[in-house]
Amino acid sequence: MSINIAIVPVAGLGTSVLPLTKSQPKEMLAVGRRPVVQYVVEELASNGIQRILFITSQGKSSIEAHFDIDEQLIQYLRETGRESNLVELNYERQNIEYFYTRQRRQLGLGHAVLCAQPLVGKEPAVVALGDSIIGRRASSDIVSRMVDTYEAEKADAVIALEPVAATDVDQYGIVDVSETNQGLLRIQGAVEKPAIDQAPGNLSIAARYVFSPAIYEALQQVDTDRQGNLQLTDAIDYLVRQGANVIGVKLDHDVKRYDIGNFESYFKTFLEFTLSDPEYGQGMQDFVRQFLQQQDQPNSSEQQE
Ligand code: UTP
């Protein structure tokens with residue numbers, strides 16, 4: 001794959017899930033057995049990415065530590081006969097080089113991406129949000145499909161898309177698309193969190209992007225929103241208006257985007273990953289069934305209180 005670099009923004013404040021994020025990064029929250037950002041990195045590695053540039057910020061150093069090779073821990077596990085746990089550290093040995101730069105003020109996702117420009121601004125790059133897993137256990141091939149499309153169509157940008165309920169469009173970046181004769185989805189416009197009655201459709205931007213360096217120029221041209229944030233969606237819209245070739249690629253119908261940036265979606269993601277855990281899933285399902293049955297009984301302890 002010709003594009004082998006991904007920018008992973010992890011610098012946001014995560015205020016929607018306070019107090020969880022007061023002193024730990026949102027991207028390090030546990031989902032089943034792993035922190036969210038590990039799923040993101042594993043997905044990128046399995047899609048041919050070999051260099052990752054994290055856009056980090058104050059309070060995010062545990063992300064860097066998570067991807068270090070911890071020789072002391074490895075030695076400790078060996079010396080104490082816990083070799084079987086070593087397999088859990090295999091991700092440290094993935095064929096990935098890590099780079100880090102800081103977003104010194106949290107001025108939005110678009111601003112975070114712009115922080116990558118001095119380092120990788122001359123080459124096309126994948127952007128993958130550090131708080132969103134694609135596919136159960138990060139099994140999706142969407143990034144390679146997007147890179148293939150980027151090359152085959154000589155695109156300026158390729159955006160991952162997922163249909164959402166018409167009543168939820170106000171929580172996402174939403175695109176307007178037209179389908180070409182060859183079945184390609186050409187993006188005609190993009191709007192961040194539109195009012196439900198003003199959304200151009202129900203296709204949401206699903207946390208994965210491929211951009212040519214034109215995105216940096218676009219980010220410099222667009223205005224910040226009312227909260228002072230620079231929105232990546234606005235820069236995509238700007239590219240489209242400049243006549244750029246911006247294409248959408250839908251997630252496979254059995255692949256979901258799991259965004260852990262709000263409690264409802266974090267809880268659902270945690271539950272789904274836990275209930276489908278290869279080792280503990282069956283037991284967890286039995287536990288939940290039993291719990292729900294108890295809740296349904298008229299004189300369950302909660303209802304007696
Ligand atoms: P969100 O849009 O959910 O923003 O981030 P946030 O600021 O973390 O969340 P709230 O609104 O305060 O709850 C999507 C991804 O973009 C990164 C986040 O770390 C997350 O991985 N991001 C967001 C940045 O890197 N910098 C920013 O200024 C904003």
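When a ligand or atom number is given, it counts from 1 through the structure's own listing order.
- Set against the non-hydrogen atoms of Ser16, the atoms of ligand 1 under 4.0 Å away are 10 (P), 11 (O), 13 (O).
- From the protein, the heavy atom lying nearest to atom 9 (O) of ligand 1 is Lys26 NZ, 3.4 Å.
- Rounding to the nearest 0.5 Å gives a distance of 9.0 Å between CG of Asp168 and CD1 of Ile174.
- Close contacts between ligand 1 and Ala112 involve ligand atoms 24 (C), 25 (O), 26 (N) [criterion: under 4.0 Å to a heavy atom].
- The proximity of Leu107 to ligand 1, defined as any non-hydrogen pair under 4.0 Å, is limited to the backbone.
- No side-chain donor from either of Arg102 and Ser57 sits under 3.5 Å from a side-chain acceptor of the other.
- In terms of polar-atom proximity, defined here as any N/O pair under 3.5 Å, Leu129 makes no such contact with ligand 1.
- Contact atoms of ligand 1 toward Ala11: 19 (O), 24 (C), 25 (O), 26 (N) (distance under 4.0 Å to a heavy atom of the residue).
- Residue-level proximity to ligand 1 for His111 is absent, since no heavy atom of it falls below 4.0 angstrom.
- Under the 4.5 Å side-chain contact rule for hydrophobic residues, Ile159 and Ile7 share a cluster.
- The nearest protein atom to atom 19 (O) of ligand 1, hydrogens excluded, is given as Glu27 OE2, 2.6 Å; this is a heavy-atom distance.
- If you number the atoms of ligand 1 from 1 as listed, the ones under 4.0 Å from a heavy atom of Leu109 come out as 16 (O), 27 (C), 29 (C).
- Protein heavy atom at the shortest distance from atom 28 (O) of ligand 1 is Gly108 N, 2.9 Å.
- Across Gln72, Glu83, Arg82, Glu88, a single residue satisfies side chain to side chain contact (heavy atoms under 4.5 Å, CB included) together with Leu77, and that is Arg82.
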Requested in this report: Evaluate salt bridge (Lys or Arg N to Asp or Glu O under 4.0 Å) for Glu279 paired with Arg33, printing each intermediate quantity in order.
Outcome: CA-CA 11 Å; Glu279 191 178 348; Arg33 293 166 177 245; 3.1 Å; yes
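- At the top of the distance list for atom 14 (C) of ligand 1, counting protein heavy atoms only, stands Asp131 OD2, 3.6 Å.
- Under the 4.5 Å side-chain heavy-atom criterion for Ile, Leu, Val, Met, Phe, Trp and Tyr, Tyr209 and Ile142 are members of distinct hydrophobic clusters.
- Leu203 and Val249 end up in different hydrophobic clusters when Ile, Leu, Val, Met, Phe, Trp and Tyr side chains are linked at under 4.5 Å.
- Here the shortest heavy-atom distance to atom 24 (C) of ligand 1, taken over Gly130, Gly12, Cys115, belongs to Gly12.
- Within a 6.0 Å radius of OH in Tyr280, no more than 12 heavy atoms belonging to other residues, nucleotides or ligands are found.
- Between Phe211 and Tyr216, a ring centre-to-centre spacing not shorter than 6.0 Å is recorded.
- Relative to atom 12 (O) of ligand 1, the option among Thr21, Thr15, Ile7 with the closest non-hydrogen atom is Thr15.
- The presence of a protein heavy atom under 4.0 Å from atom 2 (O) of ligand 1 is ruled out.
- When only interatomic distances are considered, the shortest N/O to N/O separation between Pro9 and ligand 1 falls below 3.5 Å.
- Aromatic pair Tyr39/Tyr258: ring centres not closer than 6.0 Å.
- Heavy atoms of Val10 found under 4.0 angstrom from ligand 1 belong exclusively to the backbone.
- A side-chain N or O of Gln221 and one of Glu217 form a donor-acceptor pair less than 3.5 Å apart.
- Ligand-side atoms of ligand 1 in range of Gln103: 24 (C), 25 (O), 26 (N), 27 (C), 28 (O), range being under 4.0 angstrom from any heavy atom.
- Shown in contact with Gln106 at under 4.0 Å from a heavy atom are these atoms of ligand 1, numbered in order with element: 28 (O).
- Which parts of ligand 1 touch Leu13 is read off a 4.0 Å heavy-atom cut-off, strictly below it: atoms 7 (O), 8 (O).
- Between atom CG of residue Asp131 and atom NZ of residue Lys26 there is a gap of 4.0 Å, rounded to the nearest 0.5 Å.
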